[in-house]
Amino acid sequence: MLMFPKIHLKPEVETYLRSDFKNKELLTRLGSEVCDVTFEALLRRLSHPPAFSSVRVNTSLVSVDHVKKLLTEEIRKECKGCPVEDIRILEHPRIPDVILIPNIGPRENLQRHSFEVIVGAQCGNAVLRGAHVFIPGIVSAPKLMKAGDVVSVYSDVHGECKRGAKEYKGVKVFVGNGIAELSRKEIFSSNCTLRGVGIRMTEPVYVSPSFDNLMNSFLFLQNLPSVVASHVLGPKPGERILDMCAGPGGKTTHIAALMNDKGEVIAIDKIANKVKKIKQNAENLQLKCTKVFCYDGTKALAKEGIWHEQEGPPFPPDSFDRVLLDAPCSGLGQRPNMACDWSLKEITSYQPLQRMLFKVAVNLLKPGGVLVYSTCTITLAENEEQVAWALSTFPCLQLHQQEPHLGDEGMMGVGLSENQLKLLQRFNPSSIIVKDTIVSSADLDFGQTTRLINLANKDTIGFFIAKFIKVQDAQQL
């Protein structure tokens, strides 16, 4: 059962997305009713977390078995007092550096308490993935709330609650119960911005580990499709690889690990804070082959005759064996996401930027090299439409089979052939049956492993992957 309402979107955005999922090709193949049901299921699923949290193990430093033991001990500590102390951790059978941890829920029968704390929508999303409530996320708290009080936490999905309010009667979604670490006065009367935990969650609607106390050199919390993208890229030791929009560094560090830290991974991002995070993650995971630069990827191709053999960007054509373009996108596949207040103009603004980056990527790739394009969104314009554009614009590119291929094939609607769609990988959370998304402690026995792995592969964030091979020199554009 799905506990939360569907993701709250501006009407023009929902209409735009509906036109994607009811395009002429899909209507001809499936019919209007099936298209409507599928689209509504997607909107409902986006407001809920995936059935599993995935953890990528830094296998260059530690074994998967060792991390499983550490995680098991930590989860049992965190879940003490919950009916799910024996959460079983699964190893992914096709991705050897991934382990899966079930998000138990939704727990619909939790008691609601008279003291209600309202948090922002992004904070509420984080709670559903295992976080406590940090002080900046608190929007409203009861007048008499003091440290130690048991409270119920609600997400302000429409963003209409005024900060500092003593109560809120508007639209709110229950995300669990917790214990206040501070009084209302301490939260709202301070002259400076307070940090740290404001509400320690004791009964979340979804039981999911926070990973706060685990060694960050051993593991990296990463959505399963993001891990798949790096495997699809297929990096090899000794190669020179470019991660074009690399922040915060999850894929950069994964690529380096898959290369056994031998070779060169160039990571660029134009946002300084993201660059800092990439460096921090590489240092935490003790990876040495990464080089990180704060640079605009659209300018990463050196103009003819102007390259000065510097270490960093811009680079001359044909510089890299493989390029990952995990492109900036509308992010509509992220989960859980109960509300998105972006306008249609904002949602549709990414396609030109993605194409600028793609042109640079093609020119920087060596003949015979691999280019992987990925997004964490669900729109046709940013996914399959970009593939159709790329194939018509760059005769040097050919689609290539992906391994592993855990998601669905590409979505119809832009004129790609059936064979081309099969080479694409779209992670589409609406493709699973509702009753299969609920994970309870009773499911976690060895006889359920196959079903649970299949659920983990399907009940993910919305994500898209295309893999290209550059078969000849591209004319520099």
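- Counting heavy atoms from C-beta outward, F52 and L224 have side chains that stay 4.5 Å or more apart.
- Atom CG of L285 sits about 8.5 Å away from atom CG of L219, to the nearest 0.5 Å.
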Q: Test salt bridge (Lys or Arg N to Asp or Glu O under 4.0 Å) on R200 and E181 and set out the steps.
A: CA-CA 7 Å; R200 191 163 300 278; E181 296 285 302; 3.6 Å; yes

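- Side-chain atoms of L42 and P429, non-hydrogen and from C-beta on, do get closer than 4.5 Å to each other.
- Of the possible donor and acceptor atoms, one in the side chain of R44 sits under 3.5 Å from a partner among the backbone N and O of F4.
- Note that the OH atom of Y206 and the CZ atom of R129 stand 11.0 Å from one another [nearest 0.5 Å].
- Of the inter-residue distances, the one linking L332 atom CG with L9 atom CG reads 7.0 Å to the nearest 0.5 angstrom.
- Between I268 and P313, the shortest heavy-atom distance links the atoms CG2-CG, 4.1 Å.
- Nearest heavy atoms, V228 versus P404: CG1-O, 3.7 Å.
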Q: Evaluate the side chain to side chain contact (heavy atoms under 4.5 Å, CB included) criterion for residues K10 and L344: first the C-alpha distance (whole Å), next the side-chain angles of each, then the deciding distance (0.1 Å), finally the verdict.
A: CA-CA 8 Å; K10 290 185 181 297; L344 182 58; over 6 Å; no

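- In this structure a side-chain-to-backbone donor-acceptor pair under 3.5 Å is present from Q402 to L423.
- A donor-acceptor pair is defined here as one N or O able to donate and one able to accept, closer than 3.5 Å; no such pair exists between the side chain of E14 and the backbone of P11.
- The closest donor-acceptor contact from the side chain of Q425 to the backbone of G407 lies under 3.5 Å.
- Heavy atoms of other residues, nucleotides or ligands lying less than 6.0 angstrom from CZ of R112 number more than 12.
- Not a single donor-acceptor pair under 3.5 Å links the side chain of E91 to the backbone N or O of V64.
- Closest of all the heavy-atom pairs between I199 and H132 is O-CB, 3.6 Å.
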Q: Take R107 and E203, measure what side chain to side chain contact (heavy atoms under 4.5 Å, CB included) needs, and give me the verdict at the end.
A: CA-CA 9 Å; R107 300 193 294 164; E203 292 182 319; 4.1 Å; yes

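- S230 contributes no side-chain N or O that, together with a main-chain N or O of I255, makes up a donor-acceptor pair within less than 3.5 Å.
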(Q) Walk me through whether V117 and V133 qualify under side chain to side chain contact (heavy atoms under 4.5 Å, CB included). (A) CA-CA 10 Å; V117 170; V133 174; 5.5 Å; no

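- The main-chain N or O of A257 is never found under 3.5 Å from a side-chain atom of N58 such that the two would form a donor-acceptor pair.
- Using a 4.5 Å heavy-atom cutoff, the side chains of S226 and K251 are in contact.
- Considering K6, R45, K22 in turn, K6 is the only one that fulfils the salt bridge (charged side-chain N to carboxylate O under 4.0 Å, His left out) rule with E40.
- Closest approach of I378 and G462 over heavy atoms only: CG2-CA, 4.3 Å.
- Within the 4.5 Å cutoff, side-chain heavy atoms of L325 are placed close to those of C245.
- C329 and Y350 make their closest contact through O-CZ, 3.4 Å (heavy atoms, listed as atom of the first residue, atom of the second, distance).
- No donor-acceptor pair closer than 3.5 Å links the side chain of E167 to the backbone N or O of P142.
- Considering every non-hydrogen atom in both V205 and G176, the closest pair reads CG2-N, 3.7 Å.
- Between the side chain of S392 and the backbone N or O of W389, at least one donor-acceptor pair lies under 3.5 Å.
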(Q) Between R426 and E384, is the salt bridge (Lys or Arg N to Asp or Glu O under 4.0 Å) condition met? List the steps. (A) CA-CA 9 Å; R426 178 183 270 260; E384 288 85 357; 2.7 Å; yes

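- Put simply, the side chain of K172 never gets that close to the backbone of I118: no donor and acceptor are under 3.5 Å apart.
- Here CZ of R184 is found 4.5 Å from NZ of K166. Values are rounded to the nearest 0.5 Å.
- Rounded to the nearest 0.5 angstrom, D459 CG and H48 NE2 are separated by 10.0 Å.
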Q) Between N337 and N125, does a side chain to side chain contact (heavy atoms under 4.5 Å, CB included) hold up when you go through it step by step? A) CA-CA 6 Å; N337 188 5; N125 294 341; 3.9 Å; yes

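- Here the CZ-NZ distance, from F427 to K458, works out to 8.0 Å after rounding to the nearest 0.5 Å.
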Q: Tell me, with the steps shown, if T253 and N281 meet side chain to side chain donor-acceptor pair (under 3.5 Å).
A: CA-CA 7 Å; T253 55; N281 283 327; over 6 Å; no

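- Within the 4.5 Å cutoff, the side chain of F358 has no heavy atoms near those of the T393 side chain.
- At least one side-chain heavy atom of M145 sits less than 4.5 Å from a side-chain heavy atom of I187.
- Counting heavy atoms from C-beta on, the side chains of D97 and H231 come closer than 4.5 Å.
- Counting non-hydrogen atoms of neighbouring residues, nucleotides and ligands closer than 6.0 angstrom, the CD atom of E283 reaches no more than 12 such neighbours.
- In this structure, a donor-acceptor pair under 3.5 Å is absent between the side chains of N177 and T202.
- Put simply, the side chain of L128 does not reach to within 4.5 Å of the side chain of S208, judged on heavy atoms.
- Taking a 6.0 Å sphere around NZ of K277, one finds it holds 12 or fewer heavy atoms contributed by other residues, nucleotides or ligands.
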